[in-house]
Amino acid sequence: MLHSTLALSLLLIAVSSNLAMAIKKEKRAPQTLSRGWGDEITWVQTYEEGLYQAKKSNKPLMVIHHLEDCQYCQALKKAFAENEEVQEMAQNNFVMLNLMHETTDKNLSPDGQYVPRIMFVDPSLTVRADITGRYSNRLYTYEPQDIPFLIENMKKALRLIQTEL
């Protein structure tokens with residue numbers, strides 16, 4: 001009797017332990033400010049914080065407007081997060097902000113409020129409306145295949161700091 005009780009107890013412990021491990025594996029990591037755009041990047045929480053950090057660090061602010069349930073945003077996010085050059089530049093040379101809501105700064109939506117939309121703000125706190133994407137109907141949007149073009153625009157934002165500020 002004691003032997004079977006002990007065996008049953010060990011079996012229950014093993015089953016509950018395996019169940020606990022399975023539940024733990026299913027839990028998702030806590031949501032970070034990256035929202036999937038790059039976990040190694042330091043992200044600011046608000047537009048105001050981004051402006052402050054841009055001025056303080058003398059780095060451009062890159063603002064990504066997106067929505068969680070937008071298929072175009074999801075596709076761009078995947079391409080952005082998988083591109084090593086984008087991730088490295090974002091991590092080292094930019095103040096980064098991704099927003100799922102509009103800001104009160106209407107300069108960040110010069111041609112409308114659509115997503116995905118990426119805009120740059122230089123350290124003098126000027127929104128760089130002159131750094132545009134490839135599309136004439138939505139000037140600040142990028143598609144996954146436009147990542148090389150986005151990289152060029154990131155480099156342009158960095159060059160403008162050197163030549164204009």
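In this chain, numbering begins with 1 at the start of the sequence shown.
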Chemist: Which atom pair, heavy atoms only, marks the closest approach of Pro123 to Ala54?
Modeler: CB-O, 3.6 Å
Chemist: Leu158 and Ile151: same hydrophobic cluster, using ILVMFWY side-chain contacts below 4.5 Å?
Modeler: yes
Chemist: So, taking the atom named CD1 in Ile131 and the one named NZ in Lys155, what distance separates them when rounded to the nearest 0.5 Å?
Modeler: 14.0 Å
Chemist: Give a yes or no on whether Met89 and Leu33 share a hydrophobic cluster (residues Ile, Leu, Val, Met, Phe, Trp, Tyr; joining criterion: side-chain heavy atoms under 4.5 Å apart).
Modeler: yes
Chemist: Examine distances only and state if a side-chain atom of Tyr140 and a backbone atom of Asp111 form a donor-acceptor pair shorter than 3.5 Å.
Modeler: no
Chemist: Starting from Ile118, can I reach Met96 by hopping between I/L/V/M/F/W/Y residues whose side chains sit under 4.5 Å apart?
Modeler: yes
Chemist: Given 3.5 Å as the limit, does a donor-acceptor pair link the side chain of Asn153 with the main chain of Leu150, or not?
Modeler: no
Chemist: Mark yes or no: Arg138 above the aromatic ring of Tyr135, with NZ or CZ under 6.0 Å from the six-membered ring centre and no more than 45 degrees from the axis.
Modeler: no
Chemist: When you check the side-chain N and O atoms of Gln87 and Asn83, is any donor under 3.5 Å from an acceptor?
Modeler: no
Chemist: Could you tell me if Tyr47 and Asp105 have a donor-acceptor pair between their side chains, going purely by distance under 3.5 Å?
Modeler: yes
Chemist: Is Asn98 reaching over with its side chain to a backbone N or O of Ser34, donor-acceptor style, under 3.5 angstrom?
Modeler: yes
Chemist: Looking only at atom types and distance, does a side-chain atom of Trp43 sit under 3.5 Å from a main-chain N or O of Gly38, one as donor and one as acceptor?
Modeler: yes
Chemist: After noting the C-alpha distance and the side-chain angles of Lys77 and Glu68, does the key distance pass the salt bridge (charged side-chain N to carboxylate O under 4.0 Å, His left out) rule?
Modeler: CA-CA 10 Å; Lys77 179 194 303 188; Glu68 202 60 43; 3.4 Å; yes
Chemist: Glu152 and Lys156: salt bridge (charged side-chain N to carboxylate O under 4.0 Å, His left out), yes or no, with the steps?
Modeler: CA-CA 6 Å; Glu152 287 307 310; Lys156 181 178 181 181; over 6 Å; no
Chemist: Could you check whether any side-chain N or O of Thr132 sits under 3.5 Å from a backbone N or O of Leu139, counting only pairs where one atom can act as donor and the other as acceptor?
Modeler: no
Chemist: State the CZ-NE2 distance between Phe80 and His66, to the nearest 0.5 angstrom.
Modeler: 10.0 Å
Chemist: Report yes or no: does Arg128 contribute a side-chain atom to a donor-acceptor pair with the main-chain N or O of Leu160 at less than 3.5 Å?
Modeler: no
Chemist: Applying a strict under-4.5 Å side-chain criterion to I, L, V, M, F, W and Y, I'd like to know whether Leu61 and Phe94 cluster together.
Modeler: no
Chemist: For Glu49 and Gln45, indicate whether the former's side chain and the latter's backbone hold a donor-acceptor pair under 3.5 Å.
Modeler: yes
Chemist: Distance-only, no hydrogens or angles: does the Lys59 side chain make a donor-acceptor pair with backbone N or O of Asn92 under 3.5 Å?
Modeler: yes
Chemist: How many angstroms lie between SG in Cys73 and CH2 in Trp37, if you round to the nearest 0.5 Å?
Modeler: 6.5 Å
Chemist: Identify the two heavy atoms, one from Ser109 and one from Gln113, that lie closest to each other, and give their separation to 0.1 Å.
Modeler: CB-CG, 3.7 Å
Chemist: Are Ile161 and Leu51 connected into the same hydrophobic cluster when the rule is that any two of I, L, V, M, F, W, Y join if their side-chain heavy atoms are below 4.5 Å apart?
Modeler: no
Chemist: List the atom of Phe120, the atom of Ala157, and the distance in Å for their closest heavy-atom pair.
Modeler: CD2-CB, 3.9 Å
Chemist: Counting N and O atoms only, with roles assigned by atom type, does the side chain of Tyr142 sit under 3.5 Å from a partner on the main chain of Arg134, one being a donor and the other an acceptor?
Modeler: no
Chemist: Is a side-chain N or O of Thr126 found less than 3.5 angstrom from the main chain of Asp122, in a donor-acceptor match?
Modeler: no
